[in-house]
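Each remark here refers to the structure printed beneath this line.
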Amino acid sequence: FDVLWVADLDRITRSNDWGELGQIFGPLQKAGIKLAGPNLPPIELGNTMNMMQIMFRVGIAYEDNMKRMERFQIGKRTAAQKGCHAQGTIPFGLTWRKGARDASGWSIDEPKAAIVREAYSRARGGESGYMIAKDFEARGIPGPQVNGKHPNGGSWTDAIIRILRSPIYRGL
């Protein structure tokens, strides 16, 4: 191919590492492949002025991404300090009321929490996570990740280990 079409230069990499940029742009330059995109006319990578333009635009994109990531992290940290659900999957055995702005959004899903308590009790008694998982599966207890791919919640094997190692269930 002659041209690499990119949605924007910040989609090529989110790094400002010269080694990584060289690994990306070096082979394209050697192959004579141009860069182009919606806001980027076809640019030949062998030309010094073009490379300066690309590095300048990649640098701006990197700084913009860093600011966005910093704001995102501040938002997550603020939510966590308020006791809110900051991001990701809601821990098994808990529920979160959508739109809640403080820790009052959390509640315990008793049937699932009973499974977590049983797992901790058995682990404290010396049973391995693997044995607990196999027993839960043999008893037909739905795994924690019920979705289209896993209508029965998937395997307990990895889930039990994650639950037993998670600081959330220890109040952290």
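Each residue takes its place number in the sequence, starting with 1.
- The cluster map of Ile, Leu, Val, Met, Phe, Trp and Tyr, joined by side-chain heavy atoms under 4.5 Å apart, puts Tyr120 and Ile161 in different clusters.
- Counting all heavy atoms, side chain and backbone alike, Val3 lies closest to Ala36 at CG1-CB, 3.6 Å.
- Side chain of Tyr130 to backbone of Thr157: no donor-acceptor contact under 3.5 angstrom is found.
- Within the model, atoms CD1 of Ile60 and CG of Asn65 stand 12.0 Å from one another, a figure rounded to the nearest 0.5 Å.
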Which atom pairs, donor and acceptor, lie under 3.5 Å between side-chain atoms of residues 109-116 and protein residues at least two apart or in another chain?
{"residue": "Glu110", "atom": "OE1", "partner": "Arg117", "partner atom": "NH1", "Å": "3.1"}
{"residue": "Glu110", "atom": "OE2", "partner": "Arg117", "partner atom": "NH2", "Å": "3.4"}

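- For the pair Val58 and Ile54, the minimum side-chain heavy-atom distance is below 4.5 Å.
- In this structure, Arg170 places its CZ atom where more than 12 heavy-atom neighbours from other residues, nucleotides or ligands lie under 6.0 Å away.
- Scored by the ring-ring contact (aromatic ring centres under 6.0 Å, His included) test, Phe92 finds Trp156 as partners (sequence neighbours excluded).
- Counting heavy atoms from C-beta on, the side chains of Ile12 and Ile24 come closer than 4.5 Å.
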Discussion item. For Lys30 and Phe25: C-alpha separation, side-chain torsions, deciding distance, then whether side-chain contact (heavy atoms from CB on, under 4.5 Å) applies.
Written reply: CA-CA 9 Å; Lys30 284 179 185 171; Phe25 292 118; over 6 Å; no

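- When all heavy atoms are compared, the tightest approach of Ala79 to Ala86 is CB-CA, 4.2 Å.
- Within the structure, every pair that satisfies the salt bridge (Lys or Arg N to Asp or Glu O under 4.0 Å) test and touches residues 49-69, not counting sequence neighbours, is listed here: Asp64-Arg68.
- Listed by first and then second residue, the salt bridge (Lys or Arg N to Asp or Glu O under 4.0 Å) pairs involving residues 126-135 are Arg122-Glu127, Arg122-Asp135, Lys134-Glu137, Asp135-Arg139 (not counting sequence neighbours).
- Closest of all the heavy-atom pairs between Pro144 and Ala159 is CG-CB, 3.4 Å.
- Closest heavy-atom contact between Leu164 and Gly129: CD1-CA, 4.3 Å.
- Side-chain atoms of Arg124 and Ser121, non-hydrogen and from C-beta on, do get closer than 4.5 Å to each other.
- Trp96 pairs in a side chain to side chain contact (heavy atoms under 4.5 Å, CB included) with only one of the listed residues (Ser107, Pro91, Cys84), which is Cys84.
- Taking each heavy atom of Ile163 and Tyr169 in turn, the nearest pair found is O-CD1, 3.3 Å.
- The minimum heavy-atom distance between Pro27 and Gly22, with the atom names listed, is CD-O, 3.7 Å.
- Note on residues 78-98: no pairs pass salt bridge (Lys or Arg N to Asp or Glu O under 4.0 Å), not counting sequence neighbours.
- At a threshold of 4.5 Å between non-hydrogen side-chain atoms, the residues Leu4 and Lys34 do not count as touching.
- Residues Met69 and Tyr62 fall within the same hydrophobic cluster, defined by Ile, Leu, Val, Met, Phe, Trp and Tyr side chains chained together at heavy-atom separations under 4.5 Å.
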For residues 40-52, which side-chain N or O atoms pair as donor and acceptor with protein atoms under 3.5 Å away, sequence neighbours left out?
{"residue": "Asn47", "atom": "OD1", "partner": "Met49", "partner atom": "N", "Å": "2.8"}
{"residue": "Asn47", "atom": "OD1", "partner": "Asn50", "partner atom": "N", "Å": "3.1"}
{"residue": "Asn50", "atom": "ND2", "partner": "Glu44", "partner atom": "O", "Å": "3.1"}

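- In this structure, Asp102 places its CG atom where more than 12 heavy-atom neighbours from other residues, nucleotides or ligands lie under 6.0 Å away.
- In the hydrophobic clustering of this structure, Trp18 groups with Leu35; members are Ile, Leu, Val, Met, Phe, Trp, Tyr whose side-chain heavy atoms approach within less than 4.5 Å, directly or through other members.
- With Trp106 contributing its side chain and Gly83 its backbone, the two residues share a donor-acceptor pair below 3.5 Å.
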